[in-house]
Amino acid sequence: MSKSKQGFFEEVYNIVSQIPEGSVITYGMIASMLGNPRASRIVGYAMHDAPPNRSLPCHRVVNKQGRLSPDSIFGAGNQRDLLEKEGVAFNEDGCIDMDKHLIKWDL
DNA sequence: CGAATGACAATCT
DNA sequence: TAGATTGCCATTC
């Protein structure tokens with residue numbers, strides 16, 4: 001197993017692995033924590049390449065719209081089902097109720 | 001080193 | 001309001 005990924009990716013995996021159940025986080029937040037509030041895409045790319053051996057709850061990582069990743073990538077309806085099982089509430093639009101489940105970091 | 005990629009975000013029309 | 005475009009930045013070829 002060679003470490004193809006550089007530090008940034010591991011930082012992303014580290015944060016994602018810390019997401020408690022029933023909570024979600026946005027790509028922009030993770031990027032901001034890493035010091036690059038504009039690297040939201042890098043976070044998404046890290047998720048795309050996220051190795052399952054990290055047990056990354058990538059289903060808890062959503063965009064700011066509270067929207068989940070494309071079913072084509074995740075696997076048709078799996079992500080939403082997982083979140084619902086963890087106690088995450090969804091809106092009628094199929095988006096996560098960010099105001100209730102979005103992680104709030106210590107201010 | 002340069003070009004291409006990408007599970008986003010913000011802005012414009 | 002919804003769809004399309006641009007910007008941003010790390011990783012890969």
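We name chains A, B, ... by the order of the sequence lines, and we start the count at 1 in each one. The basis for the numbers below is simple: all heavy atoms, side chains too, and nothing from hydrogens, waters or symmetry mates.
A 4.5 Å side-chain heavy-atom check between Ile15(A) and Met33(A) finds at least one atom pair inside the cut-off. Asp71(A) places none of its side-chain heavy atoms less than 4.5 Å from the side chain of Gln79(A). You'll find the side chain of Met98(A) reaches within 4.5 Å of the side chain of Val24(A), heavy atoms only.
Sorted by first and then second residue, the side-chain hydrogen bond (donor to acceptor under 3.5 Å, both in side chains) pairs involving residues 14-39 of chain A (not counting sequence neighbours) are Asn14(A)-Gln18(A).
Residues from residues 38-48 of chain A with heavy atoms under 4.0 angstrom of DNA chain B, sorted by number: Ser40(A), Arg41(A), Ile42(A), Gly44(A), Tyr45(A), Met47(A), His48(A). For residues 52-69 of chain A, proximity to DNA chain C is found at no residue, defined as any non-hydrogen atom under 4.0 angstrom from a strand atom.
Mapping heavy-atom proximity under 4.0 Å, the span of DNA chain B touched by chain A runs 5' to 3' from dG6(B) to dA10(B).
Residues satisfying the side chain to side chain contact (heavy atoms under 4.5 Å, CB included) criterion with Ile42(A), sequence neighbours excluded, are Phe8(A), Phe9(A), Ala39(A). Asn53(A) pairs by the side chain to side chain contact (heavy atoms under 4.5 Å, CB included) definition with Pro51(A), not counting sequence neighbours.
The CD-P distance, from Glu10(A) to dA10(C), rounds to 16 Å in whole Å. Straight-line distance from the CZ atom of Phe9(A) to the C1' atom of dC9(C): 11 Å, rounded to whole Å.
The backbone N or O of Cys95(A) lies less than 3.5 Å from no partner atom in the side chain of Arg67(A), so there is not a single donor-acceptor pair. Looking at Tyr13(A), its side chain never comes within 3.5 Å of a backbone N or O of Ser55(A) through a donor-acceptor pair.
Residue contacts shown for Tyr27(A) include a base, since a base heavy atom lies under 4.0 Å away.
Considering all non-hydrogen atoms of both residues, Gly22(A) and His101(A) come closest at O-ND1, 3.0 Å. Considering every non-hydrogen atom in both Ser69(A) and Phe74(A), the closest pair reads OG-CD1, 3.6 Å.
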